[in-house]
Amino acid sequence: MEEFNLKLTSITSDLKDKKKIFYLGAWCLADEVDDNLSNSLIHEYHWNNRKKLVEDYNGLINFISYNFGTFSKYMANITKAPNDQRYWKINLEIWLGYLIQILYDRWESIRTLPEFKFNLQKINYDISYIRANTVRDFFTDLFTDNWNEIVYRLILDAQNKKINYKSINTDETQSPIDNNSKNIKTNSLSFNLKVSKFLTELIHKFYQPDIFIINSYLSRINEIKLQLLLKELPLNYKRPIFDPKFDYKDITIEKNIKKELNPINLIINENSSWDVQNKDFLVWFNKILPFFIPYNYSLKFKEFSENMRKLPFPKNPKLIFTSVLHIQHDYFNLYTSEKVYNGAKYIIGQHGGGFRSMEVCYNENIHKDLSDYYLTWGKDRLNDNSFPSKVIAVGNLKTSSKKIKKKNINNQRALLLTVEYPRFSYVLTSAVISGQWLEYYEDLKKFLQKTSDLGLSEQITIRNKLRGYGWNMGGKLSNQFPNLKYDDIKDYYNSLQSSSIVISTYNGATYLETMSLNIPTIFYWNPLYWELNKNSKIAYDELSKVGIFHTNPISAAEFYNKIKNDINSWWYSQKVQLARQSFCEKYSIKNRNISHEIMNIIKNAIK
């Protein structure tokens, strides 16, 4: 039997016995500036089988749906908060869905390891290290090597994998996240935010709004217009005021109670073939879940609730509207759950671009599960009847009030929009996941090389969307394409205005925004990873016919070369404009009356 030293993450200590390294995933090598990993032995990623991804997504979501009532009852018991499913969905359904998808991914990566003899350094770790301070902190922790190292080791133990654990010395057997629990920093507001908070509190003493609008994605002008139409004062609620940082971690309490934590008693649906097939994981998940519930929702809920009530939220709004804060903002979600429980209506606006077109999109499905009304960017007629939310197309919340002035266009400036995803998976969606990002990067290299071969390098300006805990895309590009030009215009929309064309490389909000603004646009992606749902394929096929959408980078580069000398003649031609308008009607309407339409929706909601 072959023998290897197993590397779980980039921080797994190297053993000094000169044996070959077997990498659990490409994430172990994410910081390398050379993306050629062919000489490294890397475990095949289980979700490279995209059919399995869809099956696993449906299985995981159905399991949570089947058991959410049990979870709600458990949370009500430990917090003394209402035993109400919608109350707990608003608070924790997004977190719970992310968690089970993340843990299942890590479980499968370990389960599918080949039958080799593996060596791994022994470390001392405590299960208490995996509990996040808050939900918002969880969405930071899950991307770290420290957190994932512990999770993988928990799973190795749970699966009884035959690992030859080797001790090196006392110092090197310390937990890699010993200091993680000491790094919670409380934040202090800037002077301007302190003034804003003071003014909000002062105004609330004399005036309490019926409609609470915060981070709606509407421009400030449209938001003011909406508030005035509703006969509300145009208050501008600043998100940081409602997102304070408190340290709820208490390892002493954790260690005193951890042996007494009971499983939540989630039920395996014996009529579900997926549940039966994945029984070992679901039994482990049921056992381990209480240790992952963040401190503020488990051990320190009373303190968390008290802190929420100190924030200057409106006292008794009839309706709450956001397009941002519902995702991972603990204080807003606790506040909203209480107000909705007492009768307030809840509106969520579409948060991302690929939501309506992707075959798998967990986030959108959850948003439609939480809200009373879900406002979309276009009239795509997606089948939304299986969700409780009333889905209404109002137009692109971001761009409906934008005015693009094409005064200083550089005809030699093509703006290339790129994206970097985290090295570890975090949510199931029809996009590249984890190490599949390297396939995206390979396509990006092909596009850059082809444009270079065609003599177009000087015209390409790249704008990177870099993320923490990513793949060192900046380092890779600098190493492999040292002469690239990078966008130095800070404001995204100003950068768009200064470009003759925008070229997007992934399914997100970017091309929907540029097309609604009637900015010349080309975009491409690999359909093997960025799968479209059946409802949207025809619309994208129509864009392919006129050269807007491409399914490979070479085609996109060659088409840009074809039109580069007269982009406007192509873009403003009748067939391209008709295709653009038809597409935007379905996915990204520029609605000049968006404030009025949302006003009518709100008025009908609170009748």
Could you tell me which non-hydrogen atom of [X] sits nearest to which non-hydrogen atom of [Y], and how far apart they are?
X: Phe321; Y: Leu218; value: CE2-CD1, 4.3 Å
X: Ile110; Y: Gln159; value: CG2-OE1, 3.4 Å
X: Leu417; Y: Tyr440; value: O-OH, 4.4 Å
X: Lys122; Y: Ser167; value: CD-OG, 3.7 Å

Pair [X] + [Y]: basic N to acidic O under 4.0 Å:
X: Glu306; Y: Lys310; value: no
X: Arg220; Y: Glu223; value: yes
X: Arg111; Y: Asp280; value: no
X: Glu108; Y: Lys52; value: yes
X: Arg86; Y: Asp372; value: yes

Next item on the list: In sequence, state the C-alpha distance, the side-chain angles, and the governing distance for Ile64 and Ile100, and then conclude on side chain to side chain contact (heavy atoms under 4.5 Å, CB included).
Entry: CA-CA 8 Å; Ile64 290 298; Ile100 195 170; 3.9 Å; yes

Next item on the list: Applying side-chain hydrogen bond (donor to acceptor under 3.5 Å, both in side chains), name anything that partners Tyr529, two or more places apart in sequence or on another chain.
Entry: none

Checklist line | With sequence neighbours excluded, residues passing side-chain hydrogen bond (donor to acceptor under 3.5 Å, both in side chains) with Gln350 | finding: none

Sub-4.5 Å side-chain heavy-atom contact between [X] and [Y]:
X: Phe63; Y: Leu282; result: yes
X: Phe143; Y: Arg423; result: no
X: Lys7; Y: Leu24; result: no
X: Tyr165; Y: Leu156; result: yes
X: Ser72; Y: Asn83; result: yes
X: Ile264; Y: Pro290; result: yes
X: Leu334; Y: Phe304; result: yes
X: Val54; Y: Glu359; result: yes

Would you say the ring centers of [X] and [Y] fall short of 6.0 Å from each other?
X: Phe71; Y: Phe68; value: yes
X: His367; Y: Phe355; value: yes
X: Phe292; Y: Phe138; value: no
X: Trp437; Y: Tyr421; value: no

Next item on the list: Would you give the length of the straight line joining atom CZ of Phe281 to atom CD1 of Ile288, rounded to the nearest 0.5 angstrom?
Entry: 10.5 Å

Notebook entry, point to check: Could you give the distance from CG (Asn333) to CG (Asn91), rounded to the nearest 0.5 Å?
Noted result: 6.0 Å

Side chains of [X] and [Y]: do they bring a donor and an acceptor to under 3.5 Å?
X: Asn133; Y: Asn296; result: no
X: Ser190; Y: Asn192; result: no
X: Asp105; Y: Gln101; result: no
X: Gln121; Y: Thr12; result: no
X: His46; Y: Asp56; result: no
X: Asn278; Y: Tyr104; result: yes

Check: Going through the distances and angles, do Ile366 and Tyr98 end up as a side chain to side chain contact (heavy atoms under 4.5 Å, CB included)?
Finding: CA-CA 11 Å; Ile366 290 302; Tyr98 271 67; over 6 Å; no

Note to self: Run the salt bridge (Lys or Arg N to Asp or Glu O under 4.0 Å) test against Lys398 and tell me which residues pass, sequence neighbours left out.
What the structure shows: Glu513

Next item on the list: Please identify each residue that fulfils salt bridge (Lys or Arg N to Asp or Glu O under 4.0 Å) with Arg106, with sequence neighbours left out.
Entry: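 With sequence neighbours excluded, Arg106 shows a salt bridge (Lys or Arg N to Asp or Glu O under 4.0 Å) to no residue whatsoever.
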
Measure up the [X] and [Y] rings against each other and bin them: parallel (under 30°), tilted (30 to 60°), perpendicular (over 60°).
X: Tyr57; Y: Tyr362; result: perpendicular
X: Phe313; Y: Phe212; result: perpendicular
X: Trp88; Y: Phe301; result: tilted

Checklist line | Within residues 430-441 or reaching into it, pairs that qualify as salt bridge (charged side-chain N to carboxylate O under 4.0 Å, His left out) - sequence neighbours excluded | finding: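 Those involving residues 430-441 do not exist here.
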
Margin query: By the salt bridge (charged side-chain N to carboxylate O under 4.0 Å, His left out) test, which pairs, at least two apart or in different chains, include something from residues 335-353?
Written below: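 Listed by first then second residue: Arg309-Glu338.
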
Next item on the list: Among Ile347, Ile327, Asn215, find the residue that satisfies the side-chain contact (heavy atoms from CB on, under 4.5 Å) test when tested with Thr322.
Entry: Asn215

Checklist line | Trace of the side chain to side chain contact (heavy atoms under 4.5 Å, CB included) decision for Ile90 with Tyr341 | finding: CA-CA 10 Å; Ile90 292 171; Tyr341 181 70; over 6 Å; no

Check: Would one find more than 12 heavy atoms of other residues, nucleotides or ligands at under 6.0 Å from atom NZ of Lys161?
Finding: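 Atom NZ in Lys161 is packed in, count exceeds 12.
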
Next item on the list: Might you work through the ring pair (Phe, Tyr, Trp, His ring centres under 6.0 Å) test for Tyr346 and His326, ending with a clear yes or no?
Entry: CA-CA 10 Å; Tyr346 191 20; His326 57 289; 7.3 Å; no

Next item on the list: Validate the cation-pi geometry between Arg463 and Tyr492: distance from NZ or CZ to the six-membered ring centre under 6.0 Å, angle to the ring axis within 45°.
Entry: no

Margin query: Could you walk me through whether Ser10 and Asp145 satisfy the side-chain hydrogen bond (donor to acceptor under 3.5 Å, both in side chains) test, starting with their C-alpha distance in whole Å, then the side-chain angles of each, then the deciding distance to 0.1 Å, before giving a yes or no?
Written below: CA-CA 7 Å; Ser10 66; Asp145 290 295; 3.0 Å; yes

